[in-house]
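Notes follow the structure.
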Amino acid sequence: MTLAIHNSLSRRKDPFEPLVKGKVGLYVCGPTVYDFIHVGNARTFSVFDLVVRWLRATGFEVTYVRNITDVDDKIMERARERGIDIDELTETTTANFRADCARLGLLAPDVEPRATRYIGPMLDLIAHLESKGLAYRGANGDVFFAVRDFPGYGKLSRRNLDDLRAGERVAVDAAKRDPLDFVLWKAAKPGEVSWPSAFGAGRPGWHIECSAMAGRELGETIDLHGGGWDLQFPHHENEIAQSEGASGKPFVRCWMHAAFLNMGDEKMSKSLGNFFTARDILDRLDPVQGGEQLRFFLLRGHYRSEVAFTREHLDEAGATLRGFYTALREVPPAAIAIDWAEPHAARFRAAMEDDFDMPVALAGLHELRAEVNRTRSPLLAGLLKALGGTIGFLQADPEAFLKGGISAGMAGGDQPDVEALVAERTAAKKAKDFARADAIRRELDAAGVVLEDKPGGLTEWRKK
RNA sequence: GGCGGGGUGGCAGAGUGGUUAUGCAGCGGCCUGCAAAGCCGUGUACAGCGGUUCGAUUCCGCUCCCUGCCUCCA
């Protein structure tokens, strides 16, 4: 069984073989830290979290690099609006981003390079490109990449230079030789942050940072590079041009692009203004279940298919997760190592290795869940938990998960004393006072608590 | 205008040239004091029109519709 990944370069599922056997370098384009991330961003980061977890679960040693873009026009603009300096803005935004990721249950990357710490490598790269005739200085002091002098330009996004309508929507910079040339280094204007350089004081263009950081952290040729679909052009195309233009070697062996999260049937995006921040959503969900619920919602479809963001779908994801946890609560899972030859495990793995086919993998997990309920086998329950664990799910304590925010005392002061009412109801039941017992059930139900009577007079409860 | 993705049962969502995806919801049953949970059973769904084929949701062509990138964007 070998992993096949859809490679945007070939547009096929290619067998995945890292450059060095057993070791994978993965670079993911991270956020530009001027504001909270939205749920669409969360989806992309969740997708690559899934990739990293799966690779590790199947024995790869992964170096996961996800950058922080902390210099950019929007950052400068936002800092100016707020009257704070850029560092203050990027520091707090980065901290917020990390906190949101933690709530979602995302693994931290092994390396989280910040663009401003890699100005040196960027300048080296630009100088190298200039020496090879691929970069030139414009009349305005900016340094540009000469797109037509790089033969492979357009190979990732399948664009023909002559078909691109540069300037149709945005004025073309007169300093460029070709309208499609892009900035490597922007000459500083008065009052802007800048770094001294051989090209004059300035700051990096957007694309150069990823080439520099990926090259510095993972080498000239990297195994996997990911991001959202919208990054394919121009960002990733330009990264290829810069990196391959300089090194003469293939930059990325396999490109992965995650599909969008939509609002209605439109892409969720900051420029359209139709977005929710990940934090807004997490704040509205149960404090115990919310992170896993949102991540499950974001990942239950295939990563190359768009998903529509609605409250109903989010609720459904929560219900599904509760179903899994219910099985694990009823049948305490044995702590086991996964035997990949076991039929459920083999099916799950085959699905995951087929370009991370989560819907099929989850279908197998559902069947396993039903079997756990039927057989009450701790070994199968253990397998369910272990398989879920390979992709970062089902690792919470089932009892705590099912009780949700109510058990953690986070639901507010007007919550009824569940344990006391349950005890009272147990007594009422014993006395055959079913009217009282049912009244308590109704009262708790209204408070969002569902009671489940078990054999032997025990009563479990969970959040509705 | 160029390049791209997609239209599957009430909803979500895989997949396949001819056999059950799966989940949620619904319906029936078992269990239960009543419930809940669980289990069992239950759905001739593949945008339309042609073509290829013994047979197409699955391949080919056309049409219609939705949508992405081409500017910052996960």
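Any value given below was found using the heavy atoms of this structure, including those in side chains, with hydrogens, waters and symmetry copies removed. A note on names: the letters A, B, ... follow the listed sequences, proteins ahead of strands, and every chain is numbered from 1.
- Looking at the side chain of A:Lys267, the nearest of the listed nucleotides B:rA14, B:rA74, B:rA36 is B:rA74.
- Comparing B:rA74, B:rA12, B:rC72 against the side chain of A:His207 picks out B:rC72 as the nearest.
- For RNA chain B, the residues of residues 320-332 of chain A within the heavy-atom distance limit of 4.0 Å (strictly under) are A:Thr320, A:Thr326, sorted by number.
- The only option from A:Phe297, A:Phe260, A:Phe275 that meets the ring pair (Phe, Tyr, Trp, His ring centres under 6.0 Å) definition with A:Phe309 turns out to be A:Phe297.
- Consecutive pairing runs in RNA chain B reach the stem threshold at B:1-7 with B:64-70, B:10-12 with B:22-24, B:26-30 with B:38-42, B:47-51 with B:59-63, where a stem means at least three Watson-Crick or G-U wobble pairs with distances under 3.5 Å.
- Out of B:rA74, B:rG23, B:rU22, the shortest distance to the side chain of A:Arg369 is found at B:rG23.
- Note on ring orientation: taking the six-membered ring where Trp is involved, the planes of A:Tyr303 and A:Phe356 are perpendicular (angle over 60°, cut-offs 30° and 60°).
- Not counting sequence neighbours, the partners of A:Ala386 by the side chain to side chain contact (heavy atoms under 4.5 Å, CB included) test are A:Ile338.
- Out of B:rU22, B:rC11, B:rA36, the shortest distance to the side chain of A:Glu367 is found at B:rU22.
- Taking atom P on both nucleotides, B:rC3 is separated from B:rG43 by 46 Å, rounded to a whole Å.
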Item checked: Protein-to-nucleotide contact annotation, 5' to 3' order, nucleotides 29-35 of chain B [B base; S sugar-phosphate only; - none; under 4.0 Å, heavy atom] -> ----BBB
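- Distance from the side chain of A:Val307 is smallest for B:rG13 among the nucleotides B:rA14, B:rG13, B:rA74.
- The gap from the C1' atom of B:rC11 to that of B:rG4 amounts to 28 Å, rounded to the nearest Å.
- Using a 30° and 60° split on the angle between ring planes, A:Tyr153 and A:Phe233 fall in the perpendicular class, above 60°.
- A:Arg374 has a side-chain polar atom (N or O) that falls below the 4.0 Å cut-off from OP1 or OP2 of B:rC40.
- Ring planes of A:His207 and A:His235: tilted class, angle from 30 to 60°.
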Can you list, pair by pair, the side-chain donor-acceptor contacts under 3.5 Å of residues 32-42 of chain A, counting residues two or more places apart and other chains?
unit_1, atom_1, unit_2, atom_2, d
A:Asp35, OD2, A:Arg78, NH1, 3.0
A:His38, ND1, A:Gly40, N, 2.9
A:His38, ND1, A:Asn41, N, 3.2

Check: Reading nucleotides 3-10 of chain B 5' to 3', which nucleotides get B (base under 4.0 Å from a protein heavy atom), which S (sugar-phosphate only), which -?
Finding: SS------
